[in-house]
Structures are given as C-alpha cells and as structure tokens.
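Everything numeric in this text was worked out from a predicted model, so none of it was measured. Order of the sequence lines sets the chain letters (A, B, ...), proteins ahead of strands, with each chain counted from 1. What's counted below: heavy atoms across the whole structure, side chains too, no hydrogens, waters or symmetry copies.
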Protein chains: 2
Amino acid sequence: MERPSVRRLREEIQQTKPFHDRAHAAGIALVRTADEGRRTFESLVTPHGVSIEQYNVLRILRGAGEKGLPTLEIAARLLEKNPGITRLIDKLEAKELVRRARCETDRRQVFCTITAAGAAIVNELDEPSRRQNQQFFRGLTAAQIDTLLDLLDRVRYPDEKP
Amino acid sequence: MERPSVRRLREEIQQTKPFHDRAHAAGIALVRTADEGRRTFESLVTPHGVSIEQYNVLRILRGAGEKGLPTLEIAARLLEKNPGITRLIDKLEAKELVRRARCETDRRQVFCTITAAGAAIVNELDEPSRRQNQQFFRGLTAAQIDTLLDLLDRVRYPDEKP
DNA sequence: CACAATTAGTTGATGCGTCATCTATTCACG
DNA sequence: CGTGAATAGATGACGCATCAACTAATTGTG
C-alpha cells in the first residue's frame, strides 16, 4: 500500500522518472484502485444475499425485461467466459432470483429471466450503489472524473485519434 | 453568431450529465481497464509457469534478498489476506521457487526466501513486463500518465489537500 | 509463575474465473 | 437429404480470494 507521504515524495521526483517507471506506477495504482472499489462495493451487495457478479447478472437481466436473454448473451455483456456464467446462473436459479427456459425456436438456447424477487434486490440496491459510487469518487471533481474516464478510455482504445 | 465547435458541444453535453452518471461510467471504465491489464499481463507470465499472484510473491521475495520475509509480511505488501498467501507459497515451494524456514528466535514465524530458480523466472520477466506495461499505456503521453496516476491517487486518498 | 490475550500461520469450506472437453442442436453445402 | 462444421451451453478440474475456525508460540499481567 502506497502511503500518502510516499506519494508526495514520488510526486516531487516525478519529473526525472523515465516513462516506464511512470507506466509501472500507473499500473499498480490502477489495480489497487479498482480492487479497493471492488471490495467496498462487495460490502454493499453481500448483505443482500448476492455477490457482485450475481448482482451484475441481475442488473443485466432487469434491463432485458420480460423476454430475458440467452445465457451467452449475458456472458458477452459481462465480458466473461461461458463456464462462469453457467454456474453463476445456477446459483441465482437456486435462489429463485432467475428463471431459465429453453427457447422453442432454437432449442440450443436457454433464455434467462429475472424473477420478482431478483428484481426486488436490484431495485433495493439502486440508490445505495449510486451513493456508494459517488462516495468512492468523492476525491475528484466532476471535471476530474471526466478526465479520468477519458484517460481510461485512451488506455483501452489506444489507436483512436481524438 | 459563432458556430459551436465539436469539443464545445461535447462539453455542454457533459455538463448536463449528473455527477452520479459520470461516477458510474468511471467506475465501469476503471474495472474494465484494470481487468484488461490483468489479462494481458497474465498471458505474459503464465508461459513461465507462474500465475500473476505467484509472480508478485516472487518479485517481493527477490526484493527481500537472502534473509527473506515472514509469510504475513508478504501478505501485507500484496494487500492480501493471510489464507491466500499460505497456499500461494505452498505452490511456489512445491515448484522449488521458494523455500520456507521456521524462525529460530520466534518460532511462530516462517521466513520465506526465493530460490535461484525463482529468481531466474523473475529476472527473465523483468524486461518483457516492462515492455508490456509501456505497451499497455501506449495510448497516453507521459504527462497523461502522470495525470492518471494523480487522479487514481486522489480516488484512494480523497481526504488530502493537494 | 500462571493464565489470558495476542500474534503467526494453517486448514476447511465456499465462491468466482478459466481451460479443456463434452453434448445437443442447428446450419451449410455437396 | 445427409454428413461435417459451427453454435449454445454444461461439466470437470484447477487456481485464487475470503471467511471462520483452529494450532502453536509468545507476550503481558496480576
């Protein structure tokens, strides 16, 4: 854990650091910041009986409405691989937060829909998660958040011009 | 009448977005960017027979030198909880990349030291990981990396002045 | 000195992510 | 049509993280 005092010191000598050191420091900061966010968010959702991953599935399914979504479509939206999704939904189904039904027109597909109980959990978490997110970024102004978002996008899409 | 530039238009749109939407978008971008970094780094180290987590342990132990470090000191530097470390080191020990020895003056402690084979792996990965990291941040200028680092630090330490 | 509290570390159970492999179904094309 | 390729999804095996509970050694205190 980088201490604040260490950070100030680092800032003072920043100018002399080569690019790869800055990139290294940024990589570490990225991982640690994301990890901290994950943990605090986890402590918000687990009291409601779901993990972060399960919550994300529920949120996607709530957005999909009555018709639901095929299993792998959920995986795609979560940037996740197939096997994980199957088991994630196994657990959500066991808790009756999600229902599965084979598609009639293409019997390979399994459509997943959220139940009322599942939707209730996601709805309950809307406000708290919004607040928690704002709390998480409270060290930044709105303009700084925009900058952060822009920089993160540039990292993921390095070959775009704007 | 002046014609609004594209950028100006974008800024106007941004200003209409409430803070929590920006924070939400930034949160998602943070997670996705960190995850992408993790995956690409993983593909770099796994061919050398270690996972990212094992690599991080080895790097810490290389830094600790001959004397090594007690198990929980490694955990602290990795921001990780104890049980994970024990098993991580179990595997490194099984691969003979790390050695464990009970401390004589305080027999509760177990000092871990890196073996020559372990150090060889970390050394081999120094250059590639440096290059990979630079590649990962290639979409940013040095100044932008500094800004990113600063913003991430502000997120984690929101209550400091600068 | 003895006993309670603390510290270092391990173990068991559970959840997630990933790879390789497998089944079932549909498609594509000769 | 019919057979081989592609697609949707499930399962097994393994690695990691975390919680709770445990052992062993040390420290602190009356």
Side-chain angles (χ1 to χ4, degrees), chain A residues 31-32 34-43 45-58 68-95 97-98 100-112, chain B residues 31-32 34-58 68-95 97-112:
Chain A
V31 166
R32 298 204 165 180
D35 204 51
E36 184 177 318
R38 214 190 55 76
R39 285 173 206 237
T40 63
F41 197 71
E42 179 129 53
S43 71
V45 303
T46 54
H48 292 250
V50 295
S51 67
I52 291 187
E53 297 80 6
Q54 292 173 1
Y55 170 75
N56 285 334
V57 171
L58 291 181
L69 285 174
T71 304
L72 292 193
E73 177 58 29
I74 302 172
R77 299 200 191 181
L78 285 175
L79 307 183
E80 202 169 313
K81 304 304 192 305
N82 318 1
I85 278 294
T86 293
R87 282 182 264 252
L88 220 40
I89 295 183
D90 284 347
K91 279 164 198 159
L92 289 170
E93 194 181 25
K95 288 189 257 190
L97 304 178
V98 159
R100 277 199 267 215
R102 218 157 250 293
C103 174
E104 286 309 314
T105 70
D106 182 345
R107 297 184 37 72
R108 288 170 304 181
Q109 293 188 337
V110 175
F111 271 77
C112 307
Chain B
V31 166
R32 297 205 165 179
D35 204 51
E36 184 178 316
R38 214 190 57 76
R39 285 171 207 238
T40 63
F41 196 71
E42 179 128 54
S43 70
L44 179 67
V45 302
T46 53
H48 292 249
V50 294
S51 66
I52 290 187
E53 296 80 6
Q54 293 173 1
Y55 170 75
N56 285 334
V57 170
L58 290 181
L69 285 175
T71 304
L72 293 193
E73 176 59 28
I74 303 172
R77 299 199 191 181
L78 284 175
L79 305 185
E80 204 169 311
K81 304 304 191 302
N82 318 2
I85 277 294
T86 293
R87 284 183 263 252
L88 221 40
I89 295 182
D90 284 347
K91 280 163 198 160
L92 289 170
E93 194 180 25
K95 287 189 258 190
L97 304 178
V98 159
R99 213 169 293 127
R100 277 199 267 215
R102 218 156 250 293
C103 175
E104 286 309 315
T105 70
D106 182 345
R107 298 184 38 72
R108 289 171 303 180
Q109 293 188 338
V110 176
F111 271 77
C112 306

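Regarding contacts with the backbone of D:dC14, every side-chain N or O of B:Lys91 stays at 4.0 angstrom or more from both OP1 and OP2. One finds a side-chain N or O of B:Arg39 lying less than 4.0 angstrom from the OP1 or OP2 phosphate oxygen of C:dT18.
Separating the CG atom of A:Leu78 from the P atom of C:dG17 is a distance of 9 Å, rounded to the nearest angstrom. For B:Ile52 and C:dT18, the CD1 to C1' distance is 13 Å, given to the nearest whole Å. In this structure, A:Leu88 atom CG and D:dA10 atom C1' are separated by 14 Å, rounded to whole Å. As a whole-Å value, the separation of A:Ile74 CD1 from D:dG9 P is 9 Å. If you take CD1 of A:Ile89 and C1' of C:dG17, they are 15 Å apart, rounded to a whole angstrom. The interatomic distance linking B:Glu53 (CD) with C:dC16 (C1') rounds to 13 Å, in whole Å. The separation between A:Glu80 atom CD and C:dC19 atom C1' is 14 Å, rounded to whole Å. Going from atom CD of B:Glu36 over to atom P of C:dG17 covers 18 Å, rounded to whole Å.
A:Ser51 contributes atom OG, which lies 8.0 Å from atom NZ of A:Lys91 (distance to the nearest 0.5 angstrom). Interatomic distance, B:Asp35 CG to A:Glu80 CD, rounded to the nearest 0.5 Å: 9.0 Å. B:Ile89 CD1 to B:Leu97 CG: the interatomic distance, rounded to the nearest 0.5 Å, is 11.5 Å. Remark: A:Phe111 CZ to A:Cys103 SG distance equals 5.0 Å, nearest 0.5 Å.
Contact check for A:Tyr55 versus A:Ile52: no side-chain heavy atoms found under the 4.5 Å cut-off. Taking 4.5 Å as the limit, every side-chain heavy atom of A:Leu92 sits out of range of all side-chain heavy atoms of A:Glu53.
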Could you encode protein contacts along nucleotides 3-12 of chain C as a string, one character per nucleotide from 5' to 3', using B for base contact, S for sugar-phosphate-only contact and - for no contact, with a heavy-atom cut-off of under 4.0 Å?
----BSSBBB
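A:Gln54 comes within contact range of the sugar-phosphate backbone alone, with a heavy-atom separation under 4.0 Å but no base atom that close.
Although no hydrogens or angles enter the test, the distance criterion places a donor-acceptor pair under 3.5 Å between the side chain of A:Lys95 and the main chain of A:Gly49.
Both A:Ser51 and A:Arg107 lie near DNA chain C, and the one whose nearest nucleotide falls closer to the 5' end is A:Ser51.
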